[in-house]
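Below: the structure, in structure tokens.
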Amino acid sequence: MLVPRNIRLFLPTFAEYAFLRAVDSHGCLLGTRKTNLVDAVQRTFGGREALAHTSIILIYRPTHGHPMESQEFVMSTRYKPWGYNLPSCPSCGNGAVNAPIRFGVATVTCLSCRRCTDGPGVTVPDGVIPVKNHKDPEDLGDRYYWRPLNAVSPWLNHKWKSD
Ligand SMILES: [Zn+2]
């Protein structure tokens, strides 16, 4: 198993939450409807140290006999809203762009020439689920998300305002 060093540090904690907690016959933590693996990923990796440079992919079978689930746990920042890479500015060609999520809507703006994408902006894509993380002091309730594995970027084919 090949694990980056910054992730390797978290593995004992992940193992503790994932395998040493009491679960019911559905693989959920006792008294909840949350599976122990999902909980373990959120508790262990829900922080800047782990997620600033990577995402966590969880492939698991929620219950015996059910199909496999593939989900990606991502951190959202103004440079990577909902964990998606932003398109480069077509005028400057540089990647110095950002898209803070304001009132649930994100519009890409170039930090160099201020050109921005056209239209009303992008709202949270389908299937992207916010996660509360009370361990993170900067938690605003929407910094961490689960999303379908290999979800298509909402900025694919997004148009930029003309000059
Ligand atoms: Zn630009």
Side-chain angles (χ1 to χ4, degrees), residues 1-14 17-18 34-35 37-60 62 67-163:
M1 188 159 89
L2 190 62
V3 181
R5 191 180 329 160
N6 67 326
I7 294 301
R8 200 180 307 157
L9 298 171
F10 294 96
L11 290 185
T13 307
F14 175 76
Y17 282 119
K34 186 193 262 187
T35 71
L37 289 177
V38 167
D39 183 71
V41 170
Q42 290 178 191
R43 286 175 181 273
T44 308
F45 301 108
R48 183 175 296 278
E49 302 81 15
L51 287 188
H53 302 291
T54 187
S55 60
I56 303 292
I57 293 170
L58 179 62
I59 301 169
Y60 70 111
M68 298 294 280
E69 297 259 358
S70 306
Q71 294 174 290
E72 194 169 5
F73 188 53
V74 297
M75 186 171 85
S76 180
T77 68
R78 61 178 51 221
Y79 304 105
K80 251 184 142 175
W82 304 294
Y84 293 99
N85 287 319
L86 295 172
S88 298
C89 174
S91 302
C92 305
N94 72 23
V97 297
N98 76 7
I101 301 168
R102 293 200 177 96
F103 303 105
V105 180
T107 301
V108 186
T109 303
C110 175
L111 296 176
S112 177
C113 72
R114 310 307 299 174
R115 188 170 175 187
C116 57
T117 49
D118 206 0
V122 167
T123 55
V124 61
D126 284 346
V128 177
I129 301 161
V131 169
K132 283 211 178 288
N133 184 341
H134 299 291
K135 277 175 55 187
D136 187 338
E138 291 178 67
D139 181 29
L140 302 172
D142 59 357
R143 289 176 60 85
Y144 303 95
Y145 293 85
W146 285 103
R147 65 179 200 199
L149 191 59
N150 299 325
V152 175
S153 169
W155 280 281
L156 196 71
N157 301 324
H158 216 64
K159 298 280 182 283
W160 291 76
K161 275 187 185 155
S162 42
D163 292 322

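Below, each value reflects all heavy atoms present in this structure, side chains not excepted, and no hydrogens, waters or symmetry copies. Atoms within each ligand, like the ligands themselves, are counted from 1 in listed order.
Within the 3.5 Å criterion, the main-chain N or O of Pro125 finds no donor-acceptor partner in the side chain of Arg147. A donor-acceptor pair under 3.5 Å links the side-chain atoms of Thr117 to the main chain of Val108, judged by distance alone.
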For this session: Under the side chain to side chain contact (heavy atoms under 4.5 Å, CB included) rule, what do Glu49 and Asn6 come out as? Steps first, then yes or no, please.
Result: CA-CA 8 Å; Glu49 302 81 15; Asn6 67 326; over 6 Å; no
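The aromatic rings of Tyr84 and Trp155 sit perpendicular to each other, their planes meeting at more than 60°, with 30° as the lower class boundary.
With contacts defined as side-chain heavy-atom distances shorter than 4.5 Å, the pair Ile101/Trp82 qualifies.
Contacts of Tyr60 classified as side chain to side chain donor-acceptor pair (under 3.5 Å), with partners at least two apart in sequence or in another chain: Gln71.
Protein N/O/S atoms found under 2.8 Å from the Zn ion (ligand 1), listed by chain and residue number: Cys89 SG, Cys92 SG, Cys110 SG, Cys113 SG.
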